[in-house]
Undergrad: 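Just dropping this structure here.
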Amino acid sequence: MQSSEVPTMNQPEGGGESKVGVNWRICNTLCIAILGLAFFVLCFFRFYFWITHPLVTWADQSVYLEMGKLLWAGKRPYIDFFDFNPPLIMYVNMIPVMVARILHVPATLGLSLTVHTFTFASTAFAAYIAYKARAVTGFMMLVPMFFTFALYTQGLDTDLGQREHIFMLTYLPFLMVRGTHWMGGKVGRVESIVAGLMAGVGLGFKPHFIFAAAATELAFLYQYRKLSCLLRTENFAAAGVVLLYALHFLLLPRESLDILFHQAFPVYNDGVYWSSKCLIHMVRGATYFTKPFANFLIAVGIACLLRNRSPWLTPCAVFTCAGFINYFQGDQAWTYRLLPMAIGSFILYGIEAGILIDWILRRYENFMAPRLLISLGALIAVGSMAYSDIDSTTQELKNAHICDLTELGYPGLSNPRGYLSPLFFSVLANTKPTDLVVHIGSGIEPGHPALLQSERLPGSRYLYSFLVMVEFCQERRGGTFFQNLARQIVDNYGSDIKTRKPELILIQDIPMGAVLEKYNFFDRYMSGYTRLGQTAEHSIYKRIGGQKPFLHSPLARREQLILSILTGAKTIDQVSQENHIDKKNLEDWVTRSKKALADALTIRPADKLQELLEENHRLGEHIADLERQLGDIKLEKERVEAEEAARKAAAEKDADNKDGKDDTESGKKESGTAAAK
């Protein structure tokens with residue numbers, strides 16, 4: 001399939017230095033400037049949201065950021081901190097951690113700023129490659145694709161920075177280089193090497209990504225039938241990165257490899273199925289699945305119809321289909337697994353829109369207006385989107401309860417409280433910045449991101465617990481391996497608690513409370529801790545040694561806070577800010593406290609409460625006495641009835657005996673008379 005000749009915004013023939021030629025150059029320059037501005041705004045308008053929500057992050061991203069911090073601190077993967085995955089994602093997360101330290105912002109904000117900046121750099125680099133080879137790539141058809149690709153990142157919150165997302169950001173420039181070479185164009189050696197190195201990092205995250213890239217290569221090969229094109233600089237660069245990553249395992253400590261291959265992988269391979277549900281979510285039509293799947297069907301369907309209009313459609317459609325495989329691996333309904341398919345669908349949408357725009361520009365190639373209108377339309381659309389998002393964020397901030405981050409060492413930054421879990425505030429209220437905290441639950445959340453957001457150090461090698469998965473493996477496989485591993489994990493928790501002495505331990509009540517009880521965990525390792533209360537379905541335990549923690553109990557603390565407000569020592573706002581308690585909750589407590597005082601002072605029965613209690617006690621005793629008397633009466637009645645029945649039985653027996661005696665005497669008389677006769 002040959003690439004169609006694509007028009008550019010150059011001046012028409014015969015322009016020379018004429019006024020018409022000058023106007024065409026001005027028009028082209030203006031259109032390029034407008035599109036460049038629109039693209040820049042598209043890539044960075046979400047900065048406002050992230051800067052005003054600096055602590056917002058989610059489970060996986062938070063735990064990998066924590067690992068990035070631990071690596072910078074010289075900790076060893078799998079020995080000093082555990083994870084199921086190979087370490088490449090940990091190494092990559094060292095970058096946003098360093099960015100955060102340079103900018104002096106939380107690591108969570110460092111991740112969002114880094115990812116959005118990399119989105120701009122990656123997409124711009126891909127556009128640069130396509131533009132330099134515009135004679136064969138059909139650059140004007142690809143311009144909308146660069147917009148739709150960048151647009152998808154702007155709509156990501158929960159999956160921003162996941163491995164699938166980073167892979168797509170690293171793969172786009174590589175795709176442009178590969179497509180250019182397949183179509184007979186040229187790419188500079190430096191650009192090829194850089195694109196190959198970037199793609200190699202993304203491909204190293206998961207084998208599924210290599211499969212998707214290989215399927216795309218086969219699609220190009222099917223179109224162009226040039227085996228020699230497989231032996232290009234960018235392919236060698238990408239393969240070199242993957243090979244070096246594989247060889248780097250030889251440099252890891254032997255103990256790290258032993259844990260990775262003999263604990264992490266066996267547990268993950270079997271234990272991941274304890275929450276299998278991806279097919280169920282597909283069947284029942286979960287929103288998170290139906291929308292990207294509908295885009296997939298529409299985008300691939302249109303690509304099949306227009307496949308002869310652009311040489312990019314078939315390879316990108318094949319890549320999108322191959323990316324769908326990633327969702328089924330592990331059988332988990334995790335939204336980030338849909339990203340290769342979902343972003344691939346947006347790539348197809350962009351190319352298909354480019355075909356339409358290209359048709360319009362060809363039809364009106366002698367007119368400047370269509371070019372200007374399309375460019376202005378892109379800027380207006382992006383500007384409207386940016387304005388709407390910024391306005392929505394501004395309105396949210398006006399109505400939200402704000403958590404100031406000065407206590408965390410970031411004056412001038414704040415985060416809406418609604419994005420922060422109750423565990424975050426529990427950790428802040430009961431620990432100091434240098435204290436260690438342990439979270440034991442069936443998943444990563446809500447322990448992380450609460451620990452990362454509060455910038456407390458993890459008090460155990462296990463940043464998240466996987467005991468439930470180990471027990472599932474034991475039920476599924478049997479044997480002693482997983483049983484012994486579960487005991488080892490519990491013992492490791494206990495060893496960490498004894499040696500590191502974490503200030504706070506957060507334990508999920510269900511199911512982890514029951515799981516730990518099976519191993520006598522609380523009696524063996526929690527003797528130096530007391531339960532403060534429950535937050536977000538977690539029991540909060542604080543280290544106290546031999547002291548009785550009355551002042552730390554939730555009720556006593558609440559009484560002290562409310563009394564300080566009622567006596568006028570502090571205002572509700574002061575107590576709310578100092579103790580990180582929602583103002584509405586404080587107002588409710590104060591209202592109920594005042595009502596209770598008023599009732600106690602004004603309602604007569606309240607004054608006679610003790611008398612009523614004593615009367616109630618006396619009546620209870622009287623009722624008990626009556627019940628005893630009733631029991632005695634019942635017993636007496638039963639005794640009398642038994643005696644009466646016995647008398648009746650005796651009387652009947654005597655009557656029967658008397659009748660028998662009379663019959664005998666009558667018989668004797670009759671016999672004597674007969675004899676006399």
Side-chain angles (χ1 to χ4, degrees), residues 58-64 66-67 78 81-85 259-281 329-337 421-423 437-452 458-497 502 504-526 529 531 534-541:
W58 281 267
D60 289 357
Q61 296 93 316
S62 67
V63 81
Y64 288 127
E66 189 73 66
M67 293 174 187
Y78 312 108
F81 58 90
F82 177 88
D83 190 42
F84 288 116
N85 296 289
I259 295 173
L260 177 63
F261 289 104
H262 298 114
Q263 292 186 24
F265 286 171
V267 172
Y268 185 83
N269 288 337
D270 287 319
V272 72
Y273 295 100
W274 78 280
S275 59
S276 298
K277 55 186 178 180
C278 86
L279 292 177
I280 294 297
H281 279 231
Q329 191 277 328
D331 195 22
Q332 295 293 335
W334 294 331
T335 55
Y336 66 83
R337 291 186 180 274
S421 73
L423 283 185
V437 181
V438 173
H439 171 251
I440 307 178
S442 59
I444 297 176
E445 287 185 313
H448 274 83
L451 268 67
L452 179 72
S460 172
R461 73 196 74 182
Y462 300 116
L463 304 182
Y464 56 90
S465 176
F466 55 101
L467 268 173
V468 174
M469 293 177 64
V470 176
E471 293 211 330
F472 173 82
C473 294
Q474 170 64 24
E475 294 176 1
R476 186 178 185 186
R477 294 295 185 185
T480 60
F481 173 78
F482 292 110
Q483 187 177 8
N484 294 334
L485 179 59
R487 293 195 185 99
Q488 180 182 344
I489 293 169
V490 173
D491 291 341
N492 287 342
Y493 269 119
S495 175
D496 292 340
I497 291 172
L504 217 61
I505 300 177
L506 318 172
I507 298 180
Q508 184 186 34
D509 293 319
I510 300 174
M512 291 310 302
V515 172
L516 293 174
E517 193 63 49
K518 288 169 52 178
Y519 300 93
N520 201 24
F521 179 82
F522 295 95
D523 292 337
R524 293 167 62 193
Y525 303 116
M526 299 286 289
Y529 291 81
R531 185 177 184 273
Q534 185 187 54
T535 301
E537 301 178 352
H538 282 65
S539 290
I540 313 298
Y541 295 88

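Small disclaimer: the values here were computed from a predicted structure and weren't measured. The residues of the chain are indexed from 1 along the displayed sequence.
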Undergrad: For V468 versus S442, what's the shortest heavy-atom pair and its separation?
TA: CG2-CB, 4.0 Å

Undergrad: Can you measure from CZ (F472) to CZ (R477) and round to the nearest 0.5 angstrom?
TA: 9.5 Å

Undergrad: Can you find a heavy atom in the side chain of F82 that is under 4.5 Å from one in the side chain of L463?
TA: no

Undergrad: Can you find a pair of side-chain heavy atoms, one from W58 and one from E445, that are under 4.5 Å apart?
TA: yes

Undergrad: Applying ring-ring contact (aromatic ring centres under 6.0 Å, His included), can you list everything that pairs with F481, at least two apart in sequence or on another chain?
TA: none

Undergrad: Please set out all donor-acceptor pairs under 3.5 angstrom arising from side-chain atoms of residues 513-520, sequence neighbours excluded.
TA:
| from | atom 1 | to | atom 2 | distance (Å) |
| --- | --- | --- | --- | --- |
| K518 | NZ | E471 | OE1 | 3.4 |
| K518 | NZ | E471 | OE2 | 2.8 |
| Y519 | OH | E471 | OE2 | 3.2 |

Undergrad: Measure across I507 and M526 and return the closest heavy-atom pair with its distance rounded to 0.1 Å.
TA: CD1-CE, 4.1 Å

Undergrad: Other residues, nucleotides and ligands only: do more than 12 of their heavy atoms fall within 6.0 Å of CD on Q483?
TA: yes

Undergrad: Is the gap between the ring centers of F466 and Y462 under 6.0 Å?
TA: yes

Undergrad: Working to the nearest 0.5 Å, report the span between CD1 of I505 and OH of Y493.
TA: 10.5 Å

Undergrad: Once you round to the nearest 0.5 Å, how far does OG of S539 lie from CE of M512?
TA: 12.5 Å

Undergrad: Are Y541 and Y529 close enough that their ring centres sit under 6.0 Å apart?
TA: no

Undergrad: Given side chain to side chain contact (heavy atoms under 4.5 Å, CB included), test M67 with F81 step by step and report yes or no.
TA: CA-CA 8 Å; M67 293 174 187; F81 58 90; 3.7 Å; yes

Undergrad: Closest approach of P422 and T535, non-hydrogen atoms and distance?
TA: CB-CG2, 3.2 Å

Undergrad: Roughly how far, to the nearest 0.5 Å, is the CG atom of L451 from the CG atom of L504?
TA: 9.0 Å

Undergrad: Specify the closest pair of heavy atoms between R476 and D270, including all atoms of both residues, with the distance to one decimal.
TA: NH1-O, 3.3 Å

Undergrad: Over 60° means perpendicular and under 30° means parallel, so tell me whether Y525 and F521 are parallel, tilted or perpendicular.
TA: tilted

Undergrad: Is there a side-chain contact between L423 and I540 (heavy atoms, below 4.5 Å)?
TA: yes

Undergrad: Hey, what do you get for OH (Y64) to CG (L452), rounding to the nearest 0.5 Å?
TA: 14.0 Å

Undergrad: Are M469 and F84 side-chain neighbours, meaning at least one heavy-atom pair lies under 4.5 Å?
TA: yes

Undergrad: For residues G441 and S465, report the shortest heavy-atom separation together with the two atoms involved.
TA: O-CB, 3.0 Å

Undergrad: Under a 4.5 Å cut-off applied to non-hydrogen side-chain atoms, are S460 and P502 in contact?
TA: no

Undergrad: Testing the basics here: between R524 and D491, what is the closest heavy-atom pair and its distance to 0.1 Å?
TA: NH2-OD1, 2.8 Å

Undergrad: How long is the span from the CG atom in L485 to the CG atom in L467, to the nearest 0.5 Å?
TA: 8.5 Å

Undergrad: Does P446 reach the side chain of H439, with side-chain heavy atoms less than 4.5 Å apart?
TA: yes

